[in-house]
Amino acid sequence: MAEITVAGLEKSYGSFTALHGIDLHVEDREFLVLLGASGCGKTTLLRCIAGLETASRGEIAIGGRRVDPLPPRARKIAMVFQNYAVFPHLTVFENIAFGLRMKKMPNAEVDEKVRRAATMMHIEQLLARYSGQLSGGQRQRVAVARALAMEPEVLLMDEPLSNLDALLRLEMRAELKGVLQESRTTTIYVTHDQVEAMSLADRIAVMHGGHIVQHASPLDVYRDPATRFVGSFIGNPPMNFLPATRTTAGWEVAGLTMPGPAIDAHTIEFAVRPEDLTPAETGLTGRVKVVEPLGAHQLVTMDVAGHHFRVVLESDLVVRPGETLRLAPRPERVRWFDPTSQTAIDRSLVPS
Amino acid sequence: MTATAPLPAHGAAPSDEIARALDLARAKRWLVAAVVTILCLWVLVPIYLVLVNALSTPSEVSGWPKSFVPSFAMESLAFFAGYRGVAEALLNSVMVAAITMVLSIVIGAPAGYALARFDFAGKNAFRILVLMTRAFPLPLLALPLAVAYIQIGLDDTILGLAFVHTMLAMPFAVLITASLFMGVPFELEEAAWTLGCTRLQAFVKVVLPLVSPGIAASAVFAFVVSWNEVFAAAVLTIENRTLTAFLLQSLNVSPLHLKFAGAAVLVLPALLFLFAVRKYLFAMWGIANR
Amino acid sequence: MPSRALPYLLLAPAALFLAAFFLYPAVQVAVIAFTRGDEVGLANFARMAGHWKFDTALWNTILLAAVVVPLQLALALFMGQIVTQMGRGRDLVLYVFTIPLGISDLAAGIIWLAILEQNGFLNSFLYHLGLLDSPVARLSYQNTLGLFVAVAIAEIWRATAIMLVILVAGMGLIPKEYNEAAEVFGASPWQRFVKVTLPLLKPSLQTALILRTILAFEVFAVVAALAGTSMPMLMGETYAWEFQLQDRGVAASYALVILGISIASTLVFLWWLRTPEEARA
């Protein structure tokens, strides 16, 4: 059992606070992705869990054992670093064996475990090489194999794919998912890439400004962003936002009146994802500014009541810049946000 | 190469302009080669000539006119080796340089590591102090230290001189090792910690193997600094003179062939050591001066 | 990792060493200079300045630095530029150019003594060419100019390497693109050197000049080997008062004079070759 519990974790550097009282629970064997833009605190949180940073306040427990006063070596973790940190003066074999040798494991056992980890990452043929003789992708495999060989209770990964080129990243992503599903190790994975997060995670914790702003399954995070930030950060292109004003009949959004949440406010924000709109007789009206054909579909950038608005449409539809388009949002996908608190308005308040 | 303007056919006479440009390029190559040769000779010939003197008999050395090839006579060197005080001076030089080398690294490298790896209050003050030593005529420090040494019994000792030489070499060792340590990504150390190392184990198993050639180079550098130093050595030692102090103080009294043999003995080890660390010379200076 | 004390522990030996062997003697040298017997005052300085060699020594030292340092700078820049033009053999040539870096100033003085002394290689060479019938004394105490030129040549030969190393290292830090851009925009090699390389090299130039000038003020053994006591220099006088005349106070006063001109020159270079914060790469 190796669930992770983080309670009230704070970290500040002088007057700058990187983490504001983080509470987080990761289930045993869960794959958690910490997602956020650079500077949001996700790497700091990971490094606190690894023991590479000392938190200013709060507790961390792994498998029910409090670890925050312990050095990294005593935490039964393994980590994959952003720049791989493959030791340049050791062969691939010795890199993978490094942690095992630190445990004073007998040679035969070391040999067996190194080979098993190498096989898992398809680098058996590279064992005699040095880091300088490896490509970025191969180094990445060594770093993962080295972590897996430790058979840790918790595997920590800090943007492990960010230094690979796009094609290799896709390939490694799928492969990592396979390997980690098999090993079933509790994993915390830091990334700024929302696609990576969606594809790998059991659950995603979205971080912003040193807070965890949403902690849910990938689909929930995508469909029901807890804050305006999450909606605009996740999804490519991001969610569209338009101001909504109360009328007697409901809420008026760019000239279109629609039902909305029953709350006592004058203005709120209407939000919809670019793929959740369809051309219709009545709907949001806007002028087409730019059309970008993307093969499977096309991305249309419009001006709706002076606001930037993007939609993803089928590629057979003929759209030209300068045209006027009418688009109806799918009612079940419309979300509403409170502009002052920037948080989502409870959906139970919206009549269905 | 389709549908472009036709290029002149192969073998067609190039235009005057192109011919001139080719001539110019050729002339420039020759000029560079000639200049480089002259500059190399400017550096090497004087060293060669002192070696010629060292390898000639004393009478050849003071004879006229001089031959530009050595007679490979060992008499000058043998005379030098047998001269009273030379053997001791040579030994003293080696010992002072060796102590300086060890002290500079043992004291300098930890400070270099601290500068490279930590942010702490006073870091900048320390850096400035180290840099300040370079804008200071350090050999002059031998004067007050000569007084202090008498009080604490370090006067006329090898150790006392080695301390002053360490003062000359250590600031470099700090800056050079700091840059060496900065060249080792901190991530490597952190990786070692997560793989079960203590801070010391990570340093020994990961950092040290990666920086040891550079550390060796800066140690050699410290050795050469001490080996070559004249002023402090001459001020601080009387009986236990180093080779430079010995040569300096016998300049007025010793015959020419003794001086030349001494210079040759002084030059050769330094040259060998410098050759050993040549790869690091520019990197060290490049970083040590930022 | 935590352990706030660790950096200080690592730094402590070096800091203590600097305190004991740099700060303490730096203060002490001033104390000695300003005390004569039991009296605090300028007696040592008066004695120093009253001696007939002082003016000559000060003048010689400054003049030598003023002649040698600019020539070395020009030569080092020239060597550096030549080396960057080279392809094959570059490393070997650079090594040869830096050889004098490993040569003691005393050895350098003796090396040039071998060339310039009466029966030395220069006279022998001229004899073989038929330009000279019998040996000429070039380093006699009467020939002040000859001694000065000899010391200057030996200094240029010995100590240009240190500037070369600093400047070549600095040139290596300048991205090639700047020079290539200038070339594409039509700058001649000389224009590129003056308008691109030199301004970008300013920090290295500053270091090289500061270091080299201070070392030039410390010139000692080269002079001792080539000119004996016939050419008074500040460092040589310091040594003479300390060792031969056994007068520590005056020696310390000399040391403060050297220190004074060193600091003054450093400040001049710091100001003259300053790079404004905004223009840093």
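When reading the values below, keep in mind they use all heavy atoms of this one structure, side chains included, and skip hydrogens, waters and symmetry mates. Convention: sequence-line order gives letters A, B, ...; per-chain numbering from 1. This is a predicted model, so every value here is computed, not measured.
At a 4.5 Å heavy-atom cutoff, C:Met171 makes no contact with chain B through either its backbone or its side chain. For a residue to count as touching a neighbouring chain, one of its non-hydrogen atoms must lie under 4.5 Å from one of that chain's; by this rule C:Ile32 touches chain B with the side chain only. No part of C:Leu167 comes within reach of chain B, as not one of its non-hydrogen atoms sits under 4.5 angstrom from that chain. Heavy atoms closer than 4.5 Å to chain B are found in the side chain of C:Tyr8, but not in its backbone. With a threshold of 4.5 angstrom between heavy atoms, C:Leu234 does not approach chain B through any atom at all. Looking at C:Phe125, both its backbone and its side chain come within 4.5 Å of chain B, counting heavy atoms on both sides. Neither the backbone nor the side chain of C:Asp91 comes within less than 4.5 Å of any heavy atom in chain B. Neither the backbone nor the side chain of C:Leu9 has a heavy atom closer than 4.5 Å to any heavy atom of chain B. Contact annotation for B:Thr166: both backbone and side-chain heavy atoms come within less than 4.5 Å of a heavy atom of chain C. Contacts between C:Thr229 and chain B at a heavy-atom distance below 4.5 Å are absent for every atom of the residue. Only the side chain of B:Val35 comes within contact range of chain C, judged by heavy atoms closer than 4.5 Å. Residue B:Leu51: no heavy atom, backbone or side chain, is found under 4.5 Å from chain C. No part of C:Ile261 comes within reach of chain B, as not one of its non-hydrogen atoms sits under 4.5 angstrom from that chain. Interface remark: C:Gln206 contributes no atoms to any contact with chain B (heavy atom separation under 4.5 Å).
When B:Leu247, B:Val174, B:Ile47 are compared by the number of non-hydrogen pairs under 4.5 Å with chain C, B:Ile47 comes out ahead. Counting heavy-atom pairs closer than 4.5 Å to chain B, the top residue among C:Leu215, C:Thr238, C:Thr160 is C:Thr238. Chosen from C:Leu75, C:Ile263, C:Leu113, the residue pairing most often with chain B at heavy-atom distances under 4.5 Å is C:Leu113. Contact tally against chain B (heavy-atom pairs below 4.5 Å) for C:Phe22, C:Phe243, C:Phe220: the top residue is C:Phe22. Interface check for chain B: of the options C:Val83, C:Ile82, C:Asn119, C:Ile111, the most heavy-atom pairs under 4.5 Å are formed by C:Asn119.
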Donor-acceptor list for residues 96-104 of chain C side chains, cut-off 3.5 Å, not counting sequence neighbours:
residue: C:Thr98; atom: OG1; partner: C:Leu94; partner atom: O; Å: 3.1
residue: C:Thr98; atom: OG1; partner: C:Tyr95; partner atom: O; Å: 2.9
residue: C:Ser104; atom: OG; partner: B:Asn228; partner atom: O; Å: 3.3
residue: C:Ser104; atom: OG; partner: C:Leu106; partner atom: N; Å: 3.0

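Between B:Phe163 and C:Phe21, the two ring planes are tilted [angle within 30° to 60°].
Taking both residues in full, the closest heavy atoms of C:Ala251 and B:Leu143 are given as O-CD1, 3.7 Å, listed atom of the first, atom of the second, then distance. Of all non-hydrogen atoms in B:Phe68 and C:Phe121, the two that sit nearest each other are CZ-O, 3.5 Å. Of all heavy-atom pairs spanning B:Leu140 and C:Ala255, the tightest one is CD1-O, 3.6 Å. A pairwise comparison of heavy atoms in B:Lys66 and C:Glu117 identifies NZ-OE2, 2.9 Å as the closest pair.
Here the OG atom belonging to B:Ser62 is positioned 11.5 Å from the CD atom belonging to C:Gln118, to the nearest 0.5 angstrom. Rounding to the nearest 0.5 Å places CE of B:Met170 at 4.0 Å from CG of C:Leu18. To the nearest 0.5 Å, atoms CZ (B:Phe231) and CE (C:Met235) are separated by 4.0 Å.
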